[in-house]
Q: 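First the structure, which I've put down as structure tokens, then a few questions once you've had a look.
Naming: A, B, ... by sequence-line order, numbering from 1 per chain.
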Amino acid sequence: MAEHNASIAETFRHVADLLEIEGANPFRIRAYRRAAQTVEDLPQSAAKMVADGKTLAGLPGIGKDLAGKITEIVNTGRLGALAEIEARTPTTLAALTAVPGLGPKRVHRLHEAFGIKTLKDLERAARKHKIRELRGFTAKTEEKILAEIERSQAREQRFKIATAEDFAQTLCTYLQADPRIGRVVVAGSYRRRKETVGDLDILVTCAKGQAAVNHFLAYDEIAKIVAKGSTRATVILRSGIQVDLRVVPAKSYGAALHYFTGSKSHNIAIRKIGQARGLKINEYGIFRDGTRIGGRTEEEIFAAVGLPYIEPELREDRGEIQAAFDGQLPKLISLEDIRGDLHVHTKASDGKSSLREMVEAARARGYEYVAITDHTKHATVARGLDEKRLAKQLDEIGKLSEDFDDIRILKSSEVDILADGKLDLSDSMLKRLDVVVAAVHYKFELDAQKQTERMLRAMDNKYVSILAHPSGRLLGEREAYPVDLERVIEGARDRGVALELNSHPARLDLDEVHCKLAKELGVKLVISTDAHSTFGLDTMRFGIGQARRAWLERKDVLNTRPWARLKKAIAR
DNA sequence: GCCGTTTTCGGCCCGACTGTTTTCAGTCG
């Protein structure tokens, strides 16, 4: 079984964690982490690259040594260097640094002094009041450790972007209500539109930092204050989400926003360039020889290092800085580019709104077309339509269309892909549709080869225009089913099928890495909502966010085109 | 361990908060 990029990345991160506990050179540790990120962001399989004899050295942060280690992992399934480290430092120690307040240094000392290797050992030692014997540890530390272990199940969770947005907006409204506070913006991975966020990073401007912090700390949804100072504070809300507040004066807004938006690796890269130009860049501004020379806007930060503005969604140190240097930044797709939704349900299957309501809601969003894609009969729990009911719906669409001259109602279906790759509708019925969306909804347990062939076979059907939610993942609930997405993407390219980026906040499927790969391989995408109610149409923004993270431009996405051009593009 | 707008060695981003270390190390982002 070929090593996945994710498992190679995990191995490197594990090495980094253990080296950190051993007190190794911090830059060596960072090198492993950086390489892990590069491998994880790689659109192709590193294992395949190795097999094809392609060199990995030269990729960002990967030199000769780490390229060799990747080859070793791919070829042997293990890493000798990791085994050597594990012989000295128990592998379980890495997990202990996840306890807030415990970093590598303290974990190392706890292991040295008491042989603590696991969370259980740690808990036992804290209960026996052993830990306070150590210099720098007190009874209070023990209490804190026990409290954190108690909460450890609740922690570590990430929140879907839509959920985070809900918490963030309420809090921002509250913060904005204080007249002393100027701007309020959510930065961090939220601003970069990641599919999930671990915490909320909120930046506000205020002449008096303490005033803003005090107002923040009075927010009634706060369950716990973790840290507080005169310019920043960290709290946990009752919902369990952590919020970091940072206050800066207005003149530092741009510098702080850039710093607080991240990503960390992007910031490091930018500051490094600044350093080479004799500049110091921090969250307060840009400095030359101790003199402030800018920082009011993000544009000033980029300009200081000779770059054009880089959109937040691109700031992952995945090549955006080089692209900016070369004048090759993509012109990212935006919500305004979208002309229609190609995946919506109605009451006829498992939707909550009527056909007319969905059409009116689509028109209200300024769309030129909307595809009605109810489930087919195999999806019994969703009350999927058999051919008779679908025929009836097509008649209804025909009639309803007479009432709308400014939006086209596309006859469509989210047709089930059966276990053998056949479709749940006859060709004669598929032929009557304007656009056919095919999707897998059951038999997730097939092995990767069978699942891949099933999907390729479905795309063999010449009436299929779009493959919906190709991986089947549900964030926080269900992993993608085993499937070779690279082959599916290549298969879509060879057959002229478009792939869906499903905007539902729990799906966001295809994921960003594979969206980018699809683009690079010349496969067109569509961004659809899979709306099951009129409100569901508004989730388009999450799909757009992810598309932007995947460097997608308007031309890469078919539902930015008027219907006549879209129709031509999906014709096979 | 990587890497070159100080280029093959000597650097590697930068600052806030916590605790009890009275001057800073550890942790975090």
Q: Would you mind telling me which residue lines up with the more 5' stretch of DNA chain B, A/T234 or A/G136, judged by nearest nucleotide?
A: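 Counting from the 5' end, the first nearest nucleotide belongs to A/G136.
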
Q: Remember a base hit wins even if backbone is also touched, and classify A/S230 as base, sugar-phosphate or nothing at under 4.0 Å, heavy atoms.
A: sugar-phosphate

Q: Of the listed nucleotides (B/dT27, B/dG29, B/dG19), which one gets closest to any side-chain atom of A/K105?
A: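 Nearest listed nucleotide: B/dT27.
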
Q: Answer with base, sugar-phosphate or nothing: what part of the nucleic acid does A/R106 contact at a heavy-atom distance below 4.0 Å?
A: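 Sugar-phosphate, no base atom in range.
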
Q: Please table the atom pairs, donor to acceptor, closer than 3.5 Å between any side-chain atom in residues 16-29 of chain A and protein atoms at least two apart or in another chain.
A:
from, atom 1, to, atom 2, distance (Å)
A/D17, OD1, A/R33, NH2, 2.8
A/E20, OE1, A/R33, NH2, 2.9
A/E22, OE1, A/R88, NH2, 3.1
A/E22, OE2, A/R88, NE, 3.1
A/E22, OE2, A/T89, OG1, 2.5
A/N25, OD1, A/F27, N, 2.8

Q: Quick one: label A/P26 by what it contacts on the DNA or RNA (base, sugar-phosphate, nothing), any heavy atom closer than 4.0 Å.
A: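 The residue A/P26 makes no contact with any strand.
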
Q: Between A/H215 and A/Y174, is there a donor-acceptor pair closer than 3.5 Å when you use the side chain of the first and the backbone of the second?
A: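 At least one qualifying donor-acceptor pair exists.
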
Q: Under 6.0 Å from the six-membered ring centre of A/Y259 and within 45° of its axis: does the NZ or CZ of A/R315 meet both?
A: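 Because its charged atom misses either the 6.0 Å distance or the 45° angle limit, A/R315 does not stack over A/Y259.
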
Q: Do side-chain atoms of A/D556 reach the backbone of A/L552 as a donor and acceptor pair under 3.5 angstrom?
A: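 Here the side-chain-to-backbone pair does not exist.
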
Q: May I ask you to verify whether the side chain of A/Y259 and the base of B/dG29 hold a donor-acceptor pair under 3.5 Å?
A: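 Donor-acceptor pair under 3.5 Å: yes.
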
Q: CD1 of A/I236 versus C1' of B/dC28: gap in Å, rounded?
A: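 From A/I236 CD1 to B/dC28 C1': 13 Å.
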
Q: Can you tell me whether the side chain of A/N25 and the base of B/dG1 have a donor-acceptor pair closer than 3.5 Å?
A: yes

